[in-house]
Amino acid sequence: MEYLDGRVLVGDGFIDGYVAVEDGTIVEVSEGRCPCVPAARGIVIPRPVDAHTHCADGAVEAVPGMGIEELVAPPDGLKHRYLREAPESELRASIAGFAERASAYGTGRFIDFREGGAGGCRLLRETVPDAVILGRPESPEYDRAELDAILSIADGIGLPSISDIGTGYAEAIADRVHARGGILALHASERVREDIDAILALEPDFVVHMTQATAGDVGRCADAGVGIVVCTRSNLFFGNVPPIGMMMREGAELSIGTDNAMLCEPDMRAEARAFAETAARQGIAYEEVWGPMVLNGRKIIYNHKSLELEAGMAADLTVLPCRGGFSAENALRDARPVHAYRR
Ligand SMILES: [Zn+2]
């Protein structure tokens, strides 16, 4: 039996107490003093879901000052040329290394916007079976057979922006994904503001970025129940400050993603720290980070099921060490390794 002691996130609030784990299963969640010496002490959270990744491009050398178009825009941004030309063995090793590091940083699962059509999805599925894979078609025009091939492997489709592929193509894809019951998500208003009506007409499960969106656009997402994934470090790399304060005041449901492996380590604690520090400068309390860091990402893939921790559940847990007292600020700034139950 192993005890995790400290402040425990149960549902959407904390208790001061402990969790007992045996053979990878939670056997007790209690308030009060830990009955024996704990294996780890700190803030105990369900393992965060990294809500937006591109796990295969870690070997691309991204130099600060490069623009979004030059680096990541399809079809000929630097990373797309790399992904087309790199040998499969190199991509597989890169993906495996990414998953291993994410797990060591305490991340549970990650939602990857996988490039390379059905083949790209298959490579990730074989390398990381529990990845949440949102594939993207490669053909320049709608091809139902290609889409069905992707959806037979992936969990859904993760599109570039409507500016990149056009609304007609995006609508055809969205119809097919919904008919097949897959997840649909897309990049939105990252480099330029895009038409929020055209985006919401696709009925996406969530959108990513919205750095150039207006408060009105964000409010429309909130009203439609469409969550927004914020990738603070990636946005800052390109010189954009995500308007997290505005998004939260508009009532958007935010989650957090680490975006391209070439830009950021898949470290949700570091990503959440950048998010919380940016939010704090925009008038948002540091403690507001737990919803975006932990709860909302899990809702995307666990279908809004309960976030309660109970005896009998798998120990899908991470403990953030927390020198100086239990606060989000101390937990996210503590540089010591997390204690995580690995996949
Ligand atoms: Zn992305």
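All ligand and atom numbering here is 1-based and tracks the order in the structure. Keep in mind it's a predicted model, so treat the numbers as computed, not measured.
Taking backbone and side chain together, H209 holds no N, O or S atom under 2.8 Å from the Zn ion (ligand 1). Residue H187 counts as close to the Zn ion (ligand 1), with an N, O or S atom under 2.8 Å.
Looking at S189, its side chain does come within 3.5 Å of a backbone N or O of E194 through a donor-acceptor pair. Between the D57 side chain and the V60 main chain, no donor and acceptor come within less than 3.5 Å of each other.
Computed with the Zn ion (ligand 1) at the centre, the H52 NE2 to H54 NE2 angle is 100°, stated to 10 degrees.
The side chain to side chain contact (heavy atoms under 4.5 Å, CB included) with K79 is formed by just one residue from the set L263, V72, L71; it is V72.
Ring-centre distance between H54 and H80: not below the 6.0 Å cut-off.
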